[in-house]
Amino acid sequence: MIMCQRATELMSQRLDRPLSWLERVSLRLHLSMCGACSQCNRQFDLLHQVGERHPAVNTHKKPSMK
Amino acid sequence: MLHQASSFESQKRLEAVRPRLIAFARLHLRNATLAEDVVQEALLTAHEKANDFEGRSGYETWVFGILKYKILDGLRAQKRQGTWQPMNDDISDDLLDRLFQENGRWQPNARPSRWGEPDAVFENEHFWQVFDACMTALPDTIARVFSLRELMGLSTQEICKETGLKENNCWVILHRARLRLRTCIEHGWLQEEST
């Protein structure tokens, strides 16, 4: 069982290197039970997209799907 | 005549992207003068090579590509001259103790909250003001490694080559960068939005 601090390490490293099978399973299990870490995981994902979405770079807004 | 007209067009197009190039370069180099210099060089290169561009899509993407090369050149020069050294000091602080209890759980006051749908977040101008402010507030090494990874899109292996850091260290630094940024953004943005 991993705790939140370790889970945040894995959700960060997931963006920089492939996780091992065991790491993936531990992270998935932890996220399924921990609301705070699930939010953190979404936020790390969002920060991972800033390079494409930053207003300095992103000139062509995607057309709205609505 | 024809040549002159296209050269004028190219200059006009470049002037229009300039402010955004500078904003991007500042975010990375953390120095206004240096950012201006690097952008100036990138613009000059783009102007000289304007003919190379023809036929490709995304003129601004192309110019940003040139800028990224120039920023990396700037970083290499800073490293050669010894004006920039990655500092391990930046990661030996009490960040993890402030965020996590001894048993590894979140401190009650540090638990992340919901930010909403990414598309809505990215369209929020205030989010980007807070993001830029939080980037500026990051310790130097952490900010640069994060920016190389997430703004310039380098892999951690490439970052090792550029900075001389070990890959393990990069992962540790990026973990801290993401934790710091998410904490800073949540304080500066969500709390203000809700008041």
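Quick caveat: nothing in here was measured; it's all calculated off a predicted structure.
- For the atom pair A/Asn41 CG and B/Arg178 CZ, the distance stands at 11.0 Å (nearest 0.5 Å).
- Considering NE2 of B/His175 and CZ of A/Phe44, their distance stands at 5.5 Å, rounded to 0.5 Å.
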Take B/Arg149 and A/His48 through the side-chain contact (heavy atoms from CB on, under 4.5 Å) test and state the conclusion after the steps. CA-CA 9 Å; B/Arg149 176 79 189 99; A/His48 192 56; 3.7 Å; yes
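- Annotation: residues 17-27 of chain A contacts chain B through A/Arg17 [non-hydrogen atoms, separation under 4.5 Å].
- Distance check, rounded to the nearest 0.5 Å: CD of B/Gln101 to SG of A/Cys4 gives 8.5 Å.
- To the nearest 0.5 Å, atom OG1 of residue A/Thr8 and atom CZ of residue B/Arg182 are 9.5 Å apart.
- For B/Trp106, the parts sitting under 4.5 Å from any heavy atom of chain A are the backbone and the side chain alike.
- In the displayed structure, A/Arg14 atom CZ is contacted under 6.0 Å by more than 12 heavy atoms of other residues, nucleotides or ligands.
- Listed by first and then second residue, the disulfide bond (SG atoms under 2.5 Å apart) pairs involving residues 132-165 of chain B are B/Cys134-B/Cys184 (not counting sequence neighbours).
- If you measure heavy-atom distances from B/Leu27 to chain A, the contacts under 4.5 Å come from the side chain alone.
- The hydrophobic cluster containing B/Trp62 also contains B/Leu43, counting ILVMFWY residues as joined when their side-chain heavy atoms lie under 4.5 angstrom apart, directly or transitively.
- Linking ILVMFWY side-chain heavy atoms closer than 4.5 Å, directly or via other members, places A/Leu10 and A/Leu46 in two distinct hydrophobic clusters.
- Environment of CZ in A/Arg6: crowded, with over 12 heavy atoms of neighbouring residues, nucleotides or ligands closer than 6.0 Å.
- Heavy atoms of B/Thr156 lying under 4.5 Å from chain A belong exclusively to its side chain.
- B/Leu96 and B/Val145 fall into different hydrophobic clusters, where Ile, Leu, Val, Met, Phe, Trp and Tyr side chains are chained together by heavy-atom contacts under 4.5 Å.
- Most heavy-atom pairs under 4.5 Å with chain A, from the set B/Leu99, B/Leu179, B/Ile22: that is B/Leu179.
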For side-chain contact (heavy atoms from CB on, under 4.5 Å), just list the numbers for B/Trp115 and A/Gln39, CA-CA rounded to whole Å, side-chain angles, deciding distance to a tenth of an Å, and then say yes or no. CA-CA 8 Å; B/Trp115 285 8; A/Gln39 293 305 336; over 6 Å; no
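- A single hydrophobic cluster is not seen to contain both B/Phe100 and B/Leu181; linkage of ILVMFWY side chains at heavy-atom distances under 4.5 Å, directly or through other members, places them apart.
- The residue among A/Met3, A/Gln49, A/Met11 with the most heavy atom pairs within less than 4.5 Å of chain B is A/Met3.
- Hydrophobic clustering (side-chain heavy atoms under 4.5 Å, transitive across Ile, Leu, Val, Met, Phe, Trp, Tyr) keeps B/Ile142 apart from A/Leu15.
- Note that CH2 of B/Trp171 is 12.5 Å distant from CD of A/Glu9, once rounded to the nearest 0.5 Å.
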side-chain contact (heavy atoms from CB on, under 4.5 Å) between B/Glu186 and A/Gln43: does it pass, once the steps are laid out? CA-CA 10 Å; B/Glu186 196 159 297; A/Gln43 294 162 5; 3.4 Å; yes
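- Of all residues spanning residues 30-37 of chain A, those with a heavy atom less than 4.5 Å away from chain B's heavy atoms are A/Ala36, A/Cys37, arranged by number.
- Contacts between A/Ile2 and chain B at a heavy-atom distance below 4.5 Å are absent for every atom of the residue.
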side-chain contact (heavy atoms from CB on, under 4.5 Å) assessment of A/Leu47 paired with B/Ile185: CA-CA 10 Å; A/Leu47 289 173; B/Ile185 290 171; 3.9 Å; yes
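- The salt bridge (charged side-chain N to carboxylate O under 4.0 Å, His left out) contacts involving residues 151-169 of chain B comprise B/Arg76-B/Glu162, where partners must be two or more places apart or lie in separate chains.
- Between A/Arg42 atom CZ and B/Arg114 atom CZ the span is 6.5 Å, to the nearest 0.5 Å.
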